[in-house]
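Below: one structure, written as structure tokens.
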Amino acid sequence: MAYDHKEIEKLAREKWAVLDLYKIDLSAGEEERYYLLVEFPYPSGDLHIGHWYAFAVTDMYARMLRAKGKNVFFPIGFDAFGLPAENAAIKNGADPKEWTYKNIERMRGQLATMGASFDWSKEVVTCEPSYYQWTQWLFAKLFEHGLAERREAAVKWCPKDQTVLANEQVVDGVCERCGTPVEEKRLTQWFLKITNYADKLLTGLDTLPWREEIKEAQRAWIGKSEGAKLRFSTRFNLVPNDGVDIEVFTTRPDTVFGATYIVLAPEHALVKNLIEGRLASLTNAGEIEKYVEATKKKTEKERSENKEKTGVKLKGVSAINPATKEEIPIFIADYVLGSYGTGAIMAVPAHDERDREFAEKFNLPILEREFANWDTISGIGGERTTQYRIRDWLVSRQRYWGCPIPIVYDPEGKPHAIPAEHLPWLLPTDVDFKPTGKAPLASSQELKDRVTKIFGEGWTPEYDTLDTFVDSSWYFLRYLDTKNTNNFSSAELMKKWLPINRYSGGSEHTTMHLLYARFFMKALYDLALVPVDEPFNERFNRGLIMGPDGAKMSKSKGNVVNPDEFVEKYGADAVRIYLAFIGPYNEPRSCPWSMEGVASMRKFLDRVARMVELAKNQSDPDAFKYFMKSNLFVSITRTLKKVTDDGNRFKFNTGVAALMALLNEFEDSQNKNIVEHNGACMFIIMLAPFAPHLAEHLWEELGNHGSVHQQSWPTGAIIASSEVEVVVQVAGRRRGSIRLPSETGEAEALAEALKIPAVSAALAGKEPKRII
RNA sequence: GCCCGGGUGGCGCAACUGGUACCCGCGCAGCCUUGAGGUGGCUGUGGGAGCAAUCCCGUGGAGGUUCGAGUCCUCUCCCGGGCACCA
């Protein structure tokens, strides 16, 4: 180890702190602004390699932009509410608040070792009352404008975490967090009406320069289907005109002639009424009820995995196809979902694979017919409609460690937003954490007393807390004005700094956080609270760092890479540069961690230090003149262009490769006793974003003043070499190469090329077409 | 099943609008350094034939366009991700 990384890195960070290098005055600066954002971490207590990949590599971009004269805002904070703190409280009796703050403190230290150029003066911590006050204020705004509402709904319930989950937090029928199969419950809960924005969220995507795969994932999640609603009248107890209408949604109203039966989802409201005999007497009500109960027991996953069609005919009722006037049977079957469309379909076995399967099993007619045109469809009462797959965002959580929902209920049970003067609506501390399925806040006497005191006898508090995704849906607005006590952010600064230029994060957030934050922005835009309706201009989903065995890191596999160990052994700069080198950052892909790889990055940095050692002792007064004429100077300008271009594209892997190639050239030229002090300085400036600590040290070693991180990115012109190498191809194959002065004409060059034996042989007497 | 990505040496990868395929690094081999080992340094490293200059083959597979294809077109196989009994 040629240099003492511990000492150098410590000194460099001290120097930056003294110079207060990364503090930014957001209201000042004529330079072009650049808001660079990375998803803020959850304070789990340990900074893992994924955090390094997220922050250290993005920091390179921040440093490069600053050197290029941009006014760069690169903030950091903590997404501090959430289940793990509470689980620690349940398990070890810890105070969730203390547990969280202890972890934040520890992670601040770990983040500091990264050498990232965060502006810590604008840190945001979502569990601070000064932050969640505004989460509550924004929720109240949404409530006032009908975008937050309380209603009973079938919700996903995690029996282990004892809380409801958002649709997005259920993956393949299990809790995204703990893997427990979710249950369905009917509960009265708070929803944010993201469905109101389904279309805006969809069309907004067209304006964003995101990778197609991210846009496609969001489009699929929103799931727009255009079709029509049709009404089928029914006959109860075989008495004409006795029934109610069944509304169905179809994307193929033109196939209505082929509709030979109706299917209701077991959850359909009509089914319940029929079983209970309120509308008509079914001759097989018991059988129907059994089927409905059986369906309830299945998880959504089981329901979708079992492709074998099941169902029961409703005996005693039938429907009329409005196009054919034929009487057709009604079934209930679990292949129709209560949560989509109207919960009822017209089955067209001739045109739908699922309907065909069902029809074959139940011996129902399959009718190939003519197609209906729109005149016919509207003639039978069809209306064009659009359906979305996306559901409203369920934000109630029966957990403690979250932002209290700022709602109180009057004696009639009607919800009211807590007025702004009572915000922050503090999270009570006299709470029993044991999960009972009831909200822990219900055990707080202080909360009840508080409500009575402020609002009067008979008023009651809301006991649920908000999904933490609400906290993180606007944190990037707060970063701009963290100390504001009068508003959630500054209108002026939002106008100057939004939208965020580049946002990077994990691909798992594509249909969660990223969608929620876009919804928030659009809703706040419509309330005239923010100046733009899309928060993020560019978005990068970063890849995953795998274990050395190529498998996803997990404690059970024992392949977890602890960055602290490598920082200890090789230094933060080596870890940073390895992460930059591992692959292209702008394409999400998984890369295995390589022990030897990190070691080799340290070797590279040691060689750089040695090169500087030689360069700094340079004493030849003519060295500069010599250097300017050298091939090395040409190489430096070429490398500069490469590192600059690659940096713009987030391709740090090839940027580092170019620096390595340049170092090889430096070493070759040093062997010839050419020592280039100026060249070394340029090299160090280019190295600075990647290895900021070592670059700072070597910058001083070379006798420079100030910080290398305050230097402007060089914009050297490319010096053309006087000779160029020309490759000669015949029939698309390389036949040789010649070195010619760059001003050589075409005819001359052709004549030279023909002198190569392989060229004339390959041409075999034929005339050369052209020179390329 | 549908929709996105992506398949290049033993490995991670590189190759701007079609123009020297494999930059840079890992690994491996040989040599130097060392008492030995490691570290460090130098050289070599896609496959095949040849003493050699050199030649042939080579970017998942099969065709095609082109003077020229990793790159463009058609079909196909495999891997990763998203959605999925969504009517």
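Letters A, B, ... are given to chains in the order of the sequence lines, protein chains preceding strands, and every chain is numbered from 1.
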Give none if [N] has no partner; otherwise give the nucleotide forming a Watson-Crick or G-U wobble pair with it, both distances under 3.5 Å.
| N | value |
| --- | --- |
| A62(B) | U74(B) |
| U45(B) | G27(B) |
| U34(B) | none |
| G80(B) | C4(B) |

Could you tell me how far [M] sits from [N] if I compare only their [atom1] atoms? Round to whole Å.
| N | M | atom1 | result |
| --- | --- | --- | --- |
| U59(B) | G46(B) | P | 16 Å |
| U71(B) | G61(B) | P | 11 Å |
| C4(B) | C73(B) | P | 14 Å |
| A15(B) | G9(B) | C1' | 15 Å |

Expressed in angstrom and rounded to an integer, what is the separation of [X] atom [atom1] from [N] atom [atom2]?
| X | N | atom1 | atom2 | result |
| --- | --- | --- | --- | --- |
| R252(A) | A87(B) | CZ | P | 12 Å |
| M546(A) | C26(B) | CE | P | 23 Å |
| K642(A) | A14(B) | NZ | P | 10 Å |

Select base, sugar-phosphate, or nothing to describe what [X] touches, counting heavy atoms under 4.0 Å on all strands.
| X | result |
| --- | --- |
| V336(A) | base |
| R356(A) | nothing |
| I345(A) | base |

Pair E665(A), S635(A): side-chain N/O donor-acceptor within cut-off below 3.5 Å:
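Judged by distance alone, the side chains do pair up.
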Got a salt bridge between [X] and [Y], using NZ or NE/NH1/NH2 to carboxylate O under 4.0 Å?
| X | Y | value |
| --- | --- | --- |
| E587(A) | R649(A) | no |
| K361(A) | E308(A) | yes |
| D606(A) | R602(A) | yes |

Has K651(A) got a side-chain N or O lying under 4.0 Å from the OP1 or OP2 atom of A15(B)?
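Answer yes for this pair, as a side-chain N or O of K651(A) is under 4.0 Å from OP1 or OP2.
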Flag if over 12 foreign heavy atoms under 6.0 Å of NZ, K313(A):
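Check fails, neighbour count at 12 or below.
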Of the options A87(B), C24(B), G5(B), whose atoms approach the side-chain atoms of F581(A) most closely?
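Among A87(B), C24(B), G5(B), the one nearest the side chain of F581(A) is C24(B).
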Of the options C26(B), C24(B), C83(B), whose atoms approach the side-chain atoms of E596(A) most closely?
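From the listed options, C26(B) comes nearest.
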